[in-house]
Amino acid sequence: MPGHWLLARLGKRVLRPGGLETTHALLKALSIGNEDDVVEFAPGLGGTAQLILGMRPKSYTGLERDHNAASFSRQQLREFPDIDIRVGAADASGLPNGAASVVIGEAMLSMNTVAQKAKIAAEAFRLLRPGGRYGIHELKIAPNSIERCRHAEIERALSSEIHVGPKPLTSSGWQSLLTNAGFEVDDEGSAPMHLLRPDRMIADEGILGTLNIAKNVALNPGARRRVFAMRKVFERYQDNLGAIYLIGRKPG
């Protein structure tokens, strides 16, 4: 099972690399208002969608990869009956040109190849009207000058424990992804990758949520081994792993 779904089954609700703090910073930078039509790639557990909907956009569309994922997202967001959760690929959404003023995606580009990342960024560009904003929140490799062999070593270590083969980029790599798609980078922020540290867990999940996760981990030896292995990799490469958010604006 991919590591993020394992954590979700154990009760973890916030699965973004920079935690809730970075998601809040991203949404603040996007300045979503009641005139915005928002498209979110892979809403998943619906945590960011709930924050977006609290900003009262004109419309919200979530795009999930298959019927099961879409049904799960709809269930998580059942208190918002007027939203649209549909099945579609992030690189071929099926939505019309200019359907959105804001496109957002978190912790999903990192799981794709470089070529697929470019296709998803191009689809976001197509969906946006002139002046529209594309917000991303992803896993980052540091520094920009990291040696290629070190970068590859980190990718192998993450893949061995997370089981999804993540392909994170450096800060300059993420910027290039957006500019190559036609965006102008308006804003950037970063945070440490502390997904499984106690202080981040409490900040993201609350004390009761963190205690519930700890209980579930303690009662499941197989899950406990995997969670500890993931945390060990994150700590081993703590100087080279982080989170980044970027805002790209479509010219016009």
Heavy-atom check, side chain of [X] versus side chain of [Y], under 4.5 Å:
| X | Y | result |
| --- | --- | --- |
| Arg231 | Arg197 | yes |
| Arg224 | Leu219 | no |
| Ile244 | His137 | no |
| Thr210 | Pro198 | no |
| Gln76 | Phe72 | yes |
| Leu195 | Leu7 | yes |
| Lys232 | Glu235 | no |
| Asp199 | Met201 | no |

Pair up each side-chain donor or acceptor in residues 177-186 with any protein partner under 3.5 Å, not counting sequence neighbours, and list the distances.
residue : atom : partner : partner atom : Å
Thr179  : OG1  : Gln175  : O            : 3.2
Thr179  : OG1  : Ser176  : O            : 3.2
Asn180  : ND2  : Ser176  : O            : 3.1
Asp186  : OD2  : Arg249  : NE           : 2.5
Asp186  : OD2  : Arg249  : NH2          : 3.2

Are [X] and [Y] linked, directly or through other ILVMFWY residues, by side chains that come within less than 4.5 angstrom of each other?
| X | Y | answer |
| --- | --- | --- |
| Trp5 | Leu196 | yes |
| Ile104 | Ile136 | no |
| Val227 | Val14 | no |
| Leu20 | Met108 | no |
| Ile120 | Leu169 | yes |

Backbone N/O of Leu139 and side chain of Trp174: donor-acceptor pair under 3.5 Å
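Looks like yes, one N/O pair under 3.5 Å.
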
N/O donor-acceptor pair under 3.5 Å between Ser160 side chain and Ala157 backbone
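Checking the backbone N and O of Ala157 against the side chain of Ser160, a donor-acceptor pair under 3.5 Å is found.
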
State the [atom1]-[atom2] distance between [X] and [Y], to the nearest 0.5 angstrom.
| X | Y | atom1 | atom2 | result |
| --- | --- | --- | --- | --- |
| Leu158 | Met193 | CG | CE | 7.5 Å |
| Glu205 | Leu211 | CD | CG | 11.5 Å |
| Arg133 | Leu246 | CZ | CG | 15.5 Å |
| Leu26 | Glu138 | CG | CD | 10.0 Å |
| Ile154 | Asp239 | CD1 | CG | 9.5 Å |
| Leu77 | Asp82 | CG | CG | 12.5 Å |

Looking at every heavy atom in both [X] and [Y], which two are closest together, and how far apart are they?
| X | Y | answer |
| --- | --- | --- |
| Glu123 | Ser93 | OE2-OG, 2.7 Å |
| Asn144 | Ser171 | OD1-N, 3.3 Å |
| Pro43 | Ile85 | CG-CD1, 4.5 Å |
| Asn240 | Ala142 | ND2-O, 2.7 Å |
| Pro166 | Met111 | CB-SD, 3.9 Å |
| Leu6 | Ala223 | CD1-CB, 4.0 Å |

Determine, stepwise, if the pair Arg86 / Leu95 fulfils side-chain contact (heavy atoms from CB on, under 4.5 Å).
CA-CA 10 Å; Arg86 60 176 62 195; Leu95 295 169; 3.3 Å; yes

Using a 6.0 Å cut-off, check whether atom CZ of Arg225 has over 12 heavy atoms from anything other than its own residue.
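Check fails, neighbour count at 12 or below.
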
Step-by-step side-chain contact (heavy atoms from CB on, under 4.5 Å) determination, Tyr134 to Val102:
CA-CA 6 Å; Tyr134 179 33; Val102 174; over 6 Å; no

For Asp91, which residues count as a side-chain hydrogen bond (donor to acceptor under 3.5 Å, both in side chains) partner, sequence neighbours excluded?
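Result, side-chain hydrogen bond (donor to acceptor under 3.5 Å, both in side chains) vs Asp91: Gln116.
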
Which is it for Asp204 and Arg16 under the salt bridge (charged side-chain N to carboxylate O under 4.0 Å, His left out) test, yes or no, and what are the steps along the way?
CA-CA 10 Å; Asp204 287 347; Arg16 314 312 193 189; over 6 Å; no

Determine, step by step, whether Val38 and Ser101 satisfy the side-chain contact (heavy atoms from CB on, under 4.5 Å) criterion, reporting the C-alpha distance in whole Å, the side-chain angles of both residues, the deciding distance to 0.1 Å, and the verdict.
CA-CA 6 Å; Val38 180; Ser101 59; 5.7 Å; no

Among Ser190, Pro192, Ser110, Pro168, side chain to side chain contact (heavy atoms under 4.5 Å, CB included) partner for Lys140
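The option that passes is Ser190.
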
Mind checking ring pair (Phe, Tyr, Trp, His ring centres under 6.0 Å) for Tyr237 and listing every partner two or more places apart, or none if nothing turns up?
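Tyr237: no ring pair (Phe, Tyr, Trp, His ring centres under 6.0 Å) contacts found.
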
Considering only residues two or more places apart or on different chains, which pairs with a residue in residues 63-77 satisfy salt bridge (Lys or Arg N to Asp or Glu O under 4.0 Å)?
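Listed once each, the pairs would be none.
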
Among pairs that include at least one residue of residues 150-170, which meet salt bridge (Lys or Arg N to Asp or Glu O under 4.0 Å), considering only residues two or more places apart or in two chains?
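Applying salt bridge (Lys or Arg N to Asp or Glu O under 4.0 Å) to every pair that reaches into residues 150-170, excluding sequence neighbours, yields Arg150-Glu153, Glu155-Lys167.
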
Check residues 47-62 and write down every donor-acceptor pair under 3.5 Å in which the side-chain atom is one partner and the other belongs to a residue at least two apart or another chain.
residue : atom : partner : partner atom : Å
Thr48   : OG1  : Glu106  : OE1          : 2.4
Ser59   : OG   : Asp37   : OD1          : 2.6
Tyr60   : OH   : Glu40   : OE1          : 2.6

